[in-house]
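One structure is given here, and the rest of the page talks about it.
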Amino acid sequence: MAFDSASGYNNLPSGNFTPEIFSQKVLKFFRRASVVEDITNTDYAGEIENYGDTVRIIKEPTITVSSYSRGAVVNPQDLADDQITMVVDQANAFAFKIDDIEERQSHVNFEALATSSGAYSLKRKYDGNVLTSMFGGAGISSESGASVQQVTGLGTLGTPLSVSTGDIAVNTILKMARAMDDQSIPEENRFFVAGPQFYETLFKAGSKFAEVQVTGDQTSPLRNGLVMQGMIAGMKCYKSTAMNDSGTDIVTATGLGSGEFPILAGHMSSTATASHIAKTEVVRSTETFSDIVRGLHVFGRKVLRPEALVRGVVSF
């Protein structure tokens with residue numbers, strides 16, 4: 001690029017030039033926070049290796065207790081070896097090409113950058129897929145066909161609950177917590193997941209939101225907006241754009257329309273996930289002078305306890 005010269009300053013007849021500098025600091029796109037690994041049971045993750053693997057999970061037997069009278073015969077119960085099967089039947093992949101000339105002349109390591117981007121994209125798809133499965137497998141909802149319990153006031157597909165104030169948002173969370181209490185779900189390791197708009201409305205709550213019995217702590221870090229470190233009604237709160245009504249890799253369900261936002265509460269043991277990066281390899285292209293980098297992510301997910309998942313549908 002040439003600079004203008006003052007009148008009479010002609011010692012460089014071709015003009016003054018400055019070199020173009022290519023920064024080695026790359027502008028990366030924003031990455032969505034992943035929540036699935038924090039809210040699901042990953043105990044079985046080390047037992048899978050390949051697409052199609054099957055994990056069989058034995059269920060704890062249910063013991064029947066009966067009344068007893070002196071001298072009565074006690075009949076022993078046969079234990080049932082009920083089991084749940086989780087199949088690694090989900091897979092996502094990425095592949096990109098690095099041309100030899102570009103690799104030689106580039107001032108940045110495009111292979112490393114693209115691999116990092118591909119790994120993030122796999123995780124984003126993984127989050128959307130698992131959250132969709134959890135939303136569909138929730139046993140507690142306001143839907144008439146709820147498999148475990150129907151709770152009014154959480155909104156349904158096509159008829160969302162209008163969360164217009166912070167108090168309504170807080171009451172909704174409390175209602176979801178009460179639904180889990182009714183199912184004797186342990187208070188430890190409970191979670192709540194919603195999109196950014198829900199939390200925006202939540203922070204507009206009045207004095208109720210700051211009460212200790214709601215936040216469950218003495219200093220209430222939620223007053224300073226630290227949602228991720230706070231707890232509401234005994235639940236760890238997570239924010240994810242996968243719970244938006246539009247965008248990339250979001251929760252999908254038949255009947256969930258525009259302007260309807262899913263929300264989800266539950267216990268970590270409700271859903272099992274097993275995830276594995278099966279392949280990451282570099283192969284030589286047979287058509288061009290380039291390397292092809294590709295990766296394969298395989299995973300399985302299974303709702304084990306529908307009674308430990310509560311879903312709602314809201315609008316703002």
Side-chain angles (χ1 to χ4, degrees), residues 30 32-36 39 124 127-180 182 190-210 214-215 222 225 227-228 230-266 270-271 303 306 308-316:
F30 293 118
R32 182 170 81 192
S34 177
V35 301
V36 164
I39 65 174
R124 184 184 64 198
D127 253 33
N129 184 299
V130 175
L131 287 171
T132 294
S133 177
M134 294 173 71
F135 184 79
I140 305 175
S141 69
S142 289
E143 307 288 343
S144 58
S147 61
V148 176
Q149 180 185 3
Q150 183 180 7
V151 178
T152 59
L154 296 178
T156 62
L157 297 171
T159 311
L161 170 69
S162 177
V163 181
S164 56
T165 66
D167 281 349
I168 295 177
V170 173
N171 291 337
T172 302
I173 296 176
L174 293 174
K175 184 169 292 188
M176 298 176 92
R178 162 67 188 278
M180 285 190 284
D182 290 341
R190 289 187 184 184
F191 65 84
F192 174 80
V193 187
Q197 285 187 263
F198 187 93
Y199 285 105
E200 179 186 8
T201 304
L202 184 66
F203 284 125
K204 296 177 182 178
S207 59
K208 174 188 281 191
F209 186 59
V214 175
T215 62
L222 292 172
V227 176
M228 300 301 289
M231 298 181 71
I232 302 177
M235 294 187 286
K236 293 181 180 179
C237 298
Y238 295 88
K239 183 193 303 181
S240 175
T241 54
M243 310 299 280
N244 283 343
D245 68 331
S246 62
T248 305
D249 302 319
I250 61 173
V251 170
T252 58
T254 302
L256 187 64
S258 177
E260 299 182 8
F261 295 77
I263 57 175
L264 191 65
S270 67
T271 308
V303 174
L309 279 176
V310 189
R311 81 179 196 189
V313 183
V314 300
S315 62
F316 304 97

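Residues take their numbers from the sequence shown, with the count starting at 1.
- In this structure, the side chain of S133 does not engage the main chain of N129 through any donor-acceptor pair within 3.5 Å.
- Nearest heavy-atom pair across R190 and A177 is NH1-O, 3.4 Å.
- When all heavy atoms are compared, the tightest approach of D249 to R124 is OD2-NE, 2.7 Å.
- The side-chain heavy atoms of L131 and I39, taken from C-beta on, include a pair separated by under 4.5 Å.
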Quick one, L202 with V170, criterion side chain to side chain contact (heavy atoms under 4.5 Å, CB included). Give me CA distance, side-chain angles, the key distance, then yes/no. CA-CA 7 Å; L202 184 66; V170 173; 3.5 Å; yes
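- Between atom CG of residue N244 and atom CZ of residue F198 there is a gap of 13.5 Å, rounded to the nearest 0.5 Å.
- Of all non-hydrogen atoms in M180 and A308, the two that sit nearest each other are SD-O, 4.3 Å.
- Closest of all the heavy-atom pairs between S147 and G139 is OG-CA, 3.2 Å.
- Distance check, rounded to the nearest 0.5 Å: CG of L264 to OH of Y238 gives 12.5 Å.
- Here the closest non-hydrogen pair linking V193 and S240 is CG1-CB, 4.3 Å.
- With V313 as reference, L256 is the one residue of L256, D245, L161 to meet the side-chain contact (heavy atoms from CB on, under 4.5 Å) rule.
- Every residue two or more places apart in sequence or in another chain that forms a side chain to side chain donor-acceptor pair (under 3.5 Å) with Q149 is listed here: Q183.
- Closest approach of Y199 to A194, counting heavy atoms only: CE1-O, 3.7 Å.
- The six-membered or imidazole ring of F261 lies near that of F316, with a centre-to-centre distance under 6.0 Å.
- Taken to the nearest 0.5 Å, the CD atom of Q197 stands 11.5 Å off from the OG1 atom of T241.
- Using a 4.5 Å heavy-atom threshold, the side chains of I232 and F192 count as separate.
- Rounding to the nearest 0.5 Å gives a distance of 10.5 Å between OG1 of T172 and CG of D167.
- How far CD of Q150 is from CD of E143: 8.5 Å, rounded to the nearest 0.5 Å.
- In this structure, CG on L154 lies 9.5 Å from CD1 on I140, to the nearest 0.5 angstrom.
- Checking M176, R311, K175 one by one against V151, the side-chain contact (heavy atoms from CB on, under 4.5 Å) holds for a single residue, K175.
- In this structure a side-chain-to-backbone donor-acceptor pair under 3.5 Å is present from T132 to T252.
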